[in-house]
Amino acid sequence: MKKEPPITMRLFALSLSAAFALVCSGSASAVDQPIAYNHYKHTQELELECTMCHTGVSTQIRATLPSAEICISCHEEPVTDSAEEEKIRQYYAQNEEIPWKRLFQVPEHVFFSHRRHVTVAGLDCAKCHGNMATQKKPPKKAPMAISMKACMSCHRKLQAQIDCVSCHR
Amino acid sequence: MKMQRRDFIKLLSSSTTFGLAYGYGLFSRLPGISGSEALAKQLEDVSLRPVEEKWLPSICRQCAGGCGVLVRVYGERAVKLDGNPLHPINGGRLCARGQAGLQLLYNPDRIATPLARAGNRGEGKWKPVSWDEALGTVGEKLKALRKQGRPHELAMLTGAQRGLERTVSERFMAAYGSPNLVRYEPDRSLGMNPALNLMQGQAAGFTYDIENAAHILSFNSALLEDHWSPVQLFRAYGNFRRGRKENRGKLVHAEPRLSVTGAKADEWIPIKPGSEGILAMGIASILIVEKRYDENFVTERCFGFDDWTDESGTLRPGFRTLVIQEYPMDRVVKLTGVPRDIIIRTAREFARVQPALAIGNDGPGVRHQGIYNRMAIHALNALVGNIQKPGGVLANARPADLSLPPVSRDRVADQGLSRPRLDGAGAERYAVASDVPASVTDNLLEKKPYPIEILMLNGANPLYESLHFERLVKALKQIPTIVSFSPFHDETTQWADLVLPDTTYLEKWQLDTTYTLKGHPVVNLSRPVLKAPFDGRDTNEVLLAVAASMGKPVANAFPSTRIEDLAKLSLQPLSKGGSGEPFGAPMEELWTRLLEQSGWKVRTEVDFEKLWADLLERGGWWDPVYYRWEWRRALATPSGRFEFYSLGARDYFAKLTGMERDMALQKTPRLVNLQQADAACLPAASRARAGGNETLYALEVNPYFIPILSGITHTNQPWLQDVTGFHVYQNWHTWVEIHPETAHQVGVHNGDWVFVESPGGRVKARVRTYEGAMPHVINLPVGLGHTSGGRWTAGIGENVLKLLQARQEPFTGQEQFKPARARLIKT
Amino acid sequence: MAKWGMVIDLDKCTACQACVIACQAENNIPNSDPEAARTGRNIHWMEMLPMVEEEYPHLRMRLMPRPCMHCEKPPCIKVCPVNATQISSEGIVGQINARCIGCRYCTTACPYTVKYFNWFKPKWPEVMEHQLNPDVQVRYIGVVEKCTFCHHRLQKGRDLARYEGRELGPDDYMPACVQTCPADAMYFGDLDNPKSSVAILSKSKRAFHLLEDLGTHPKVTYLSEGV
Amino acid sequence: MDLKKTFEHDEEVLLRPIREVNRNYYITVAVLSLIVAWAFFAYFYQFKWGLGVTGLNRPVYWGFYITNFVFFIGISHAGTLISAILRIAQAEWRRAITRSAEVITVMVIFFGVASILMDLGRPDRIFNIIESGRFQSPLLWDVTSITCYLTASTVYLYLPLIPDIAIMRDKVNKRKWLYNVLSLGWTGTPKQFKRLELVISVMAILVIPVAVSVHTVVSFVFAMTVQPMWHSAIFGPYFVVGAIYSGIAALIIAMALIRWVYKLDNYLKDIHFQNLGLLLFVMTLLWTYFTFSEYLTTFYGAEPTHMAVFWSKFSGEYMVEFWGMIVCCFVIPVIFLSNRKLRTMTGMMISSIAITIGMWLERFIIVVPTLANPRLPYERGAYHPSWVELSLLAGCFAFFILLYVLFTKFFPIVSIWEIQEGRQHAVSEVSERVRTYLPDDHTDGGETQPFPTEQMESARS
């Protein structure tokens, strides 16, 4: 009859892990992009600017995702023999937008402006987006988590505004 | 198994942890409660592509004020309206109505496509049709009517149309051959202007230089509520109060009700409804008796102050005689209910503090002030010589000529145009009136002077405005075809056969002349600032298209089929030079004005395309120079002077024959000592008494326009509806303001629902006790009670006009309200 | 550091309510309807208040536009259990509606009753969603909201000033109500800058504050009517 | 032995409600469950559509839920506090009533907490209180204090239950495993008893300041604002007194019902009720004193904003509730409790029910009129609770009663072992104690004489 703590211990462990799973499942599921875009090739080998495709970076609140039109301006004729590249032309031919999925997203109650951070404050993309530019395949999840903690630590370091109302609208 | 204490505690703590964590996980991911879809949806379209954000100039047309707006266009959406800082009328400011303009543009109750009637008339059943089909139907009907040689049987009722829109309607009707283009806006046009026209002659209109006045004596004028150009007036008011360092303007306001103007005034004089003119005469008598009037001005520039002899040698009474004989102080005190000392004090102050303005009503004639009362009020301005002075009454400068070449007409059109008008304007009794909406109902019903075959409703909603609802419905039923251009399902549109939904002002072209409060002409130019959210079409373009489809003679009415070209063509003359320029920054303006007034600056011809681009960018053109000393423009009367005794009125009555003359004279005030013929030409103020049984209907009715809704054609705007009666905490329904003691006497309490019953009808209203109501006078707001037109206006409140009865004003034929009495019945 | 404040000159104010509507248009405030009005659920960050004094015929009615007072010592902040309402270093009292738990303690603690609650989920007819201001969030159901002095405009103005390499000027930041005021009766600016119009006017002998005796130190100053 | 038989009789009578389940019980549970289910529906309706489904508005932002919160937290003072005081005071008559009192506390606190949850616009964000809690807010003091009180009360209820659970484990043929787990291996050794009584007395002392703090802090929710008739220094003690007052009333009602339903006349005797009745009378006067001070101060201060609230209670739209409160909390109790002839079971039941209603009205009268009369000239607010709020009020009461009924079916509502202990030791203990109160008897050679128990016994017989 003695020495049967495992039952309660197991219950304890089980409930903890279940709770943990529940909490975690709320966030971040893996993201699959429609086209296997290679950031490394574009930014490092071809040395293209981020703003070439994310045209909103310096002037807009949102960086914006490239429209099919932007892609086709270089890829109208095949540049490589990749099947992925062919998809661009397919989308374009069907007059469809490429259904890019957003990887980085701030909640809607946050008033984040790329213009403010890039143009006015002169921050590097990598500051928030991590090593996105050197990714050879579309990452399944954001290489750098966007969290309020991260925002705040940077704001404190750079002595930017840390009033709630500066970011929360 | 035997549970140990320790195990138990572990179990307890683990289950608690689990519970908390589970709850946290569950709650933080609940669908529906955590997100705001509206914003997510709104932001989705901008996540992919860069969004262009721009501010485009346009004109606000929520009322007739003519303010310039900038529309914040974000991508393809208009998200905010603000004032155009360059615009001389509003200088970057905008009033509540202007701010709410987007609720008109994005109104969910707008008619989305052309509709053809599906059920019986008035039933409200519709089927959508294509624009081609709808235009085809209209074109064919019009063609057929014209072919039969009856083009005059087309009638078009319009709202307060102006500028290019007016031009299009006029040209269309002229080329088609119908004289029946009637502005249907009863009661609303009779401000001070008819009275000023009698005393100062016809001009391009008059204005009060409020900003520079030192003292304003307001006779029930809705200065801060219902001025034709509210923002301009508010700006001027701000400067009147605090614009000058030492000299704070003083405002004295006489009105039966404590209105916003009354509340803002330094002194509020409660006065019996309708006795404003008599008070003015009382003040005039003090000025005359105490010799406080401007003798210089009166002798130099006025006519009819003293008695005078006419051509036949008869001695005619002048203003002085009228005042002394007919308005002894006792009578004034009795009729107005204003204590003698207040009248004397007011009069002395009016004479002492100069420049002082006496302002009657600028807005609707809902407060029973006839033309004679307004003449009496205006006479005060002449007595203190405050005409064409800074801070005085100014005649508007001549507008820029924006006319297009005349319409070439064929024989059918000429014949049609030679027929008398449906409303009788321009003939006999209405010889001086341009539109007489008051007679439309009767004439339609009696088919006088001929039946109407096709009726077009272009911005008019007669069923709401009319005091003869039943008769008008009957008349509408008789008309074979009714086409409505309304963007909303308003009351009259319910009786149409075909609805061709118009667009709202941010979606169309317009070119329009208006004036600043200092008499400068302003030309507004607006263009569509964004793609229309509904499949409506600008009515002017529709008329152009219909005209084009009708072929040669009618199609010739317009030099182009594009409305934009018409605007360009109209503006051509501006490039030829002369005075005036596109809107500029205030400093620039000041400089120009200085240069021009001293004759240094001469404008030369400019490149039209550059001017056009400038106008589009800045929103319009104006002439910042005003010449005060052009007396011939300001006093365009037969005598060339300010006429206390209006020779214009005498001529008018002389022109009328027999019956007509007697009928018109009957409507003029009765005087005790003077002849009727003289009374008809002098500012013979009188107080119309409210009819009805005084014991049964113990309360006098004082209807007034809801400031925030006045001038608005389509009240289906929840922002505005929500702030209607803030001073009595009432919105979204009609209320009746009553003095607390009177309420106690008639046995009602604040918040009760009652029927207000007059001999004419009854409306349901909520009692609001209000210290600012005169005892035994109830105040009722006008502007609510639409029966259709959208979710935020249909069934909201009641139409107070139902309580009132009409009478016609002798000169203009405009419908005015008879003073009414009422009683409250608890529901 | 700036201290943003507002001055409302009641002598110039015409009670036209342009500020009320401008605020609604700028800040994505949901439409009212008869039901909401009847039950006291309509939201007006800026509201026109009638104060009737004395009796007929010598009564005075004072009509006062009333935004949030943005108190220097806000009673609402003291009571919030979750830090959802805070005063910024520049004196703007903000409501972080993503954190608010909707206990409505701040709404009851505010002596000016200027905090509003989202009783229902804010909704618009579809076509009206076009006019929502992208700079301002649409609030959630069940949270408190309030006047923000249009602080999103401050962010934008500051961006512009910094981009152009200059100090924030007096015209760079102005709430929607002040911008639209037709009678020019509202002033807005930095109370700490002795040269600003608000700093000068708030020392005027006509100046007074609402419920001054409560010690909340409102940053909205009224100028009384009359000389 | 005689005592053993008596003990068995005690156990027989007090365990009967647990052993026997009859039709009335099922009907009661079914009816209560229905009401509770309806309340759950009402809550989910509110959860889905928002607080707009209530009658709350601007400026009356708080209504029934906050009233219920204050009321339930007040009722909760019945149990733990009274029981703790009686225990510390070593009042022997406590033995039969402590359990039923403590149960009230534990059960009713849940509804206090639930009322707050119901009142939240975003109950899903309740964990923000932990994530980003702000300790300057009186609401967080509440959270802390109530959590503390709930924990302490639960432990305080549970500890004296342990011996009884052990009895049930041994003598009841139901739910063996549950009693087995909960009895924590109690065998009733003197060592265990000694430890238990030590812990109970420590808890009794600890729980009193917590209990007092709870209601003080609840009052602080109001008193810490500047609102008229809330911003009052008297509120702390006033609320505590009110809480104890309503608590005792609730306890009397509960005990009377238990006595009637389970026929425990022999255990919950008239003397218990008489004692509680006297206590209740004292509280009536104390409450009246506080109410009087509160209103008189306001009246003499005569600040316009305060007077607006004052008059709305005194003669305005909340007149009915105000005077209802005065009648329920003052007039009726004074009539019935001050007079021995009227202080019968019926009289006490009438006063207790009146007080419960009256104290609910008092909470309402504190919360709503202040909010309905804002300082600035807004339209005066009006508050009419919706069906959701009424349903949830009914649901809270039903759920509370349901839980109470279920408790009596799971555990003895009168502490068996304390009664037994009383029979065994109390008489001698008390006489020992009483003896120490008396002046020492030096008549016999200067040596302190023990209390002449035997003589007393013989004298009595």
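Throughout, protein chains are lettered first and strands after them, A, B, ... in sequence-line order, and every chain is numbered starting at 1.
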Which answer fits B:His739, side chain, backbone, both or neither, if we ask what part of it has an atom under 4.5 Å from a heavy atom of chain C? side chain
Taking all non-hydrogen atoms of both residues, which atom of B:Trp719 and which atom of C:Ile21 are closest, and how far apart? O-CD1, 3.4 Å
More than 12 foreign heavy atoms under 6.0 Å from CZ of C:Phe208: is that the case here? yes
Taking all heavy atoms of B:Tyr237 and all of C:Thr14, pick out the closest pair and write down the distance. CD2-CG2, 3.3 Å
Note, B:Pro108 side chain near C:Trp124 side chain (heavy atom, < 4.5 Å): no
Within a radius of less than 6.0 Å around CD of B:Glu76, do more than 12 heavy atoms belonging to other residues, nucleotides or ligands occur? no
Can you name the nearest heavy-atom pair linking C:Cys16 to B:Ile708, along with the distance? O-CD1, 3.7 Å
Determine the option with the most heavy-atom pairs under 4.5 angstrom with chain B, choosing from C:Gly142, C:Ala36, C:Ala15, C:Pro50. C:Pro50
Heavy-atom distances under 4.5 Å only: say whether B:Phe726 touches chain C with side chain, backbone, both or neither. both
Which portion of B:Ala236 sits near chain C, non-hydrogen atoms under 4.5 angstrom: neither
Tell me, for C:Cys19 versus chain B, whether the close heavy atoms (under 4.5 Å) come from the side chain, the backbone, both or neither. neither
Euclidean distance, B:Gln730 CD relative to C:Arg38 CZ, rounded to 0.5 Å: 11.5 Å
So that I can tick it off, tell me whether C:Asp9 and B:Arg241 are bridged by a salt bridge, with the cut-off set at under 4.0 angstrom between side-chain N and carboxylate O. no
Any non-hydrogen side-chain atom of B:Tyr770 less than 4.5 Å from a side-chain atom of C:Met61? yes
Just so I understand: if I count every heavy-atom pair under 4.5 Å between each of C:Ala176, C:Ala37, C:Gly226 and chain B, which residue has the most? C:Gly226
What part of B:Phe534 lies closer than 4.5 angstrom to a heavy atom of chain C: side chain, backbone, both or neither? side chain
Chain C contact via B:Ala100 - side chain, backbone, both or neither, heavy atoms under 4.5 Å: both
How about residues 180-190 of chain C versus chain B: which residues have heavy atoms under 4.5 Å apart? C:Thr180, C:Cys181, C:Pro182, C:Ala183, C:Asp184
Which atoms of B:Ile796 come close to chain C, meaning under 4.5 Å heavy atom to heavy atom: side chain ones, backbone ones, both, or neither? side chain
Which atoms form the tightest heavy-atom contact between B:Arg242 and C:Lys12, and what is the distance? CB-CE, 3.5 Å
Top contributor to chain B contacts, counting heavy-atom pairs under 4.5 Å, from C:Val143, C:Ile29, C:Leu63: C:Leu63
Here the pair of heavy atoms bringing B:Lys80 nearest to C:Arg153 is NZ-NH2, 3.9 Å
Looking at B:Arg72 and C:Asp135, does any basic side-chain N land under 4.0 Å from a carboxylate oxygen? yes
For the atom pair CD (C:Gln24) and CD (B:Gln99), what is the distance rounded to the nearest 0.5 Å? 10.5 Å
For B:Asn731, is it the side chain, the backbone, both or neither that has a heavy atom under 4.5 Å from a heavy atom of chain C? side chain
Tell me which pairs pass ring pair (Phe, Tyr, Trp, His ring centres under 6.0 Å) where either residue lies in residues 19-55 of chain C, with sequence neighbours left out. none
B:Glu267 CD: over 12 foreign heavy atoms closer than 6.0 Å: yes
Highest number of heavy-atom pairs under 4.5 Å with chain C: which of B:Gln721, B:Arg235, B:Lys264? B:Lys264
Is there a side-chain contact between B:Arg791 and C:Pro125 in this structure, where contact means two heavy atoms from C-beta onward sitting under 4.5 Å apart? yes
For the residue pair B:Tyr74 and C:Asn133, establish whether any side-chain heavy-atom pair is separated by less than 4.5 Å. no
Before giving the answer on side chain to side chain contact (heavy atoms under 4.5 Å, CB included), spell out for B:Arg248 and C:Asp11 the whole-Å C-alpha distance, their side-chain angles and the decisive distance to 0.1 Å. CA-CA 10 Å; B:Arg248 174 181 179 271; C:Asp11 205 22; 2.5 Å; yes
In this structure, are over 12 heavy atoms from other groups packed under 6.0 Å from C:Arg206 atom CZ? yes
Whatever's closer than 4.5 Å to a heavy atom in chain C on B:Arg97 counts as neither
To check you understand the geometry: which heavy-atom pair defines the closest contact between C:Leu59 and B:Trp268, and what is its length? CD2-CZ3, 3.2 Å
Between C:Asn31 and B:Gln103, is the side-chain hydrogen bond (donor to acceptor under 3.5 Å, both in side chains) condition met? List the steps. CA-CA 10 Å; C:Asn31 296 327; B:Gln103 290 206 325; 2.9 Å; yes
Of C:Arg60, C:Met128, C:Glu225, the largest count of non-hydrogen pairs under 4.5 angstrom with chain B goes to C:Met128
